[in-house]
Amino acid sequence: MKIKNIILAILASSIFLFQGCGSDPKRIASDDPNRLVSNDVDSRDIQEAATKLINEVLASGKLDAYKPKPIRLKLASVRNETRSELNMNIVSDRILMGLNNSGDISAMAEDATTKELARLNQLETGNVAPTPKLTMLVTLRELESRVGRSKEISYFFYVKINNNLGDTIWSGEREIAKSSTRSSVGW
């Protein structure tokens, strides 16, 4: 009987031990310096890359040749060529939002409801929505390097804007590098 009680006591105490001292989830600011950092792409990386790429395309002067403003742009493709699972719509949406809000670009909506409204408008009025003058391609790639216990991963955000003749009028990239070192202990 004593052995049974001892075993039960050990099991009960091990449950508390393995439960650990976790914390409840809490809301944090997106610019909080104490946010988690991993070797994967995170929301800060996306925001930083999108902002830089938006500013570069707007400052390049390449959109100045297209009149009238805003220039219609269609998102042609969004590709994730990394091993990380990432919702690429977040990347493209951030870039499209910034370009749309600049007043220089009008991104064509891709949702079914808006497409149906445009079709109904065309039937009622005979007005055909103008074709896009530009297309945008977004690609995310990675390059990994290892030396001993250290690992570095570079993520490359590529954006290419083409005109309706198929010529690339602007392309840009943003690199985000992450590094980590494995513990010398195996656990």
- Message: For the CD atom on Glu85, are there more than 12 heavy atoms of other groups (residues, nucleotides or ligands in this structure) within a distance under 6.0 Å?
- Response: no
- Note on the structure: For Ile71 and Leu63 the tightest heavy-atom approach is CD1-O, 3.6 Å
- Check the pair Glu152, Lys178 against side-chain contact (heavy atoms from CB on, under 4.5 Å), reporting the backbone distance first and the verdict last. CA-CA 6 Å; Glu152 182 176 295; Lys178 305 276 185 118; over 6 Å; no
- Note on the structure: In this structure, OH of Tyr158 is separated from CD of Glu81 (nearest 0.5 Å) by 9.5 Å
- Message: Could you see if Phe156 belongs to whatever hydrophobic cluster contains Ile153? Use Ile, Leu, Val, Met, Phe, Trp, Tyr and a side-chain cutoff under 4.5 Å.
- Response: no
- Query: At their closest point, which heavy atom of Lys133 faces which heavy atom of Lys67, and how far apart are they?
  - Reply: NZ-O, 2.5 Å
- Can you tell me how far the CG atom of Leu99 sits from the CD1 atom of Ile54, to the nearest 0.5 Å? 5.5 Å
- Task: Take Val57 and Ile161, measure what side-chain contact (heavy atoms from CB on, under 4.5 Å) needs, and give me the verdict at the end.
- Result: CA-CA 9 Å; Val57 71; Ile161 298 179; 3.6 Å; yes
- With a 4.5 Å heavy-atom cut-off, do Ile169 and Tyr66 have their side chains touching? yes
- Is there a path from Val159 to Leu58 through hydrophobic residues (I, L, V, M, F, W, Y) whose side chains come within less than 4.5 Å of each other? yes
- Query: So, for Ile105 and Leu73, which heavy atoms are closest and what is the spacing to 0.1 Å?
  - Reply: CG2-CB, 3.7 Å
- Selection residues 47-59 - residue pairs positive for salt bridge (Lys or Arg N to Asp or Glu O under 4.0 Å), sequence neighbours left out: Glu48-Arg174, Lys52-Glu56
- Hey, what do you get for CG (Asn80) to CD (Glu142), rounding to the nearest 0.5 Å? 8.5 Å
- Message: Looking at every non-hydrogen atom in both residues, tell me the closest pair between Met88 and Val138 and how far apart they are.
- Response: CE-CG1, 4.3 Å
- Scanning both residues in full, the closest heavy-atom pair of Ala50 with Ile95 reads CB-CG1, 3.9 Å
- Task: Give a yes or no answer on whether the side chain of Thr168 reaches the backbone of Trp170 with a donor-acceptor pair at less than 3.5 Å.
- Result: no
- Query: Measuring from Met136:CE to Leu53:CG, what's the distance to the nearest 0.5 Å?
  - Reply: 9.5 Å
- Message: Just verifying a value: how many Å separate Asn100 CG and Ser102 OG, rounded to the nearest 0.5 Å?
- Response: 7.5 Å
- Message: So, taking the atom named CG in Asp93 and the one named CD1 in Ile90, what distance separates them when rounded to the nearest 0.5 Å?
- Response: 8.0 Å
- Item | Non-hydrogen atoms of Asn163 and Leu134 that approach each other most closely | CA-CD2, 3.8 Å
- Message: Test of understanding: clusters of I, L, V, M, F, W, Y form through side-chain heavy atoms closer than 4.5 Å, transitively. Do Leu137 and Val78 belong to the same one?
- Response: no
- Message: Could you walk me through whether Ser154 and Glu175 satisfy the side-chain hydrogen bond (donor to acceptor under 3.5 Å, both in side chains) test, starting with their C-alpha distance in whole Å, then the side-chain angles of each, then the deciding distance to 0.1 Å, before giving a yes or no?
- Response: CA-CA 6 Å; Ser154 293; Glu175 179 183 356; 3.0 Å; yes
- Can you check whether Leu117's main-chain N or O pairs, donor with acceptor, with Asn121's side chain at less than 3.5 Å? no
- Item | Electrostatic pair Glu144-Arg83, nearest N-O below 4.0 angstrom | yes
- Output, in order, the C-alpha distance, side-chain angles, deciding distance and verdict of side-chain contact (heavy atoms from CB on, under 4.5 Å) for Leu75 and Leu96. CA-CA 8 Å; Leu75 182 61; Leu96 287 173; 4.1 Å; yes
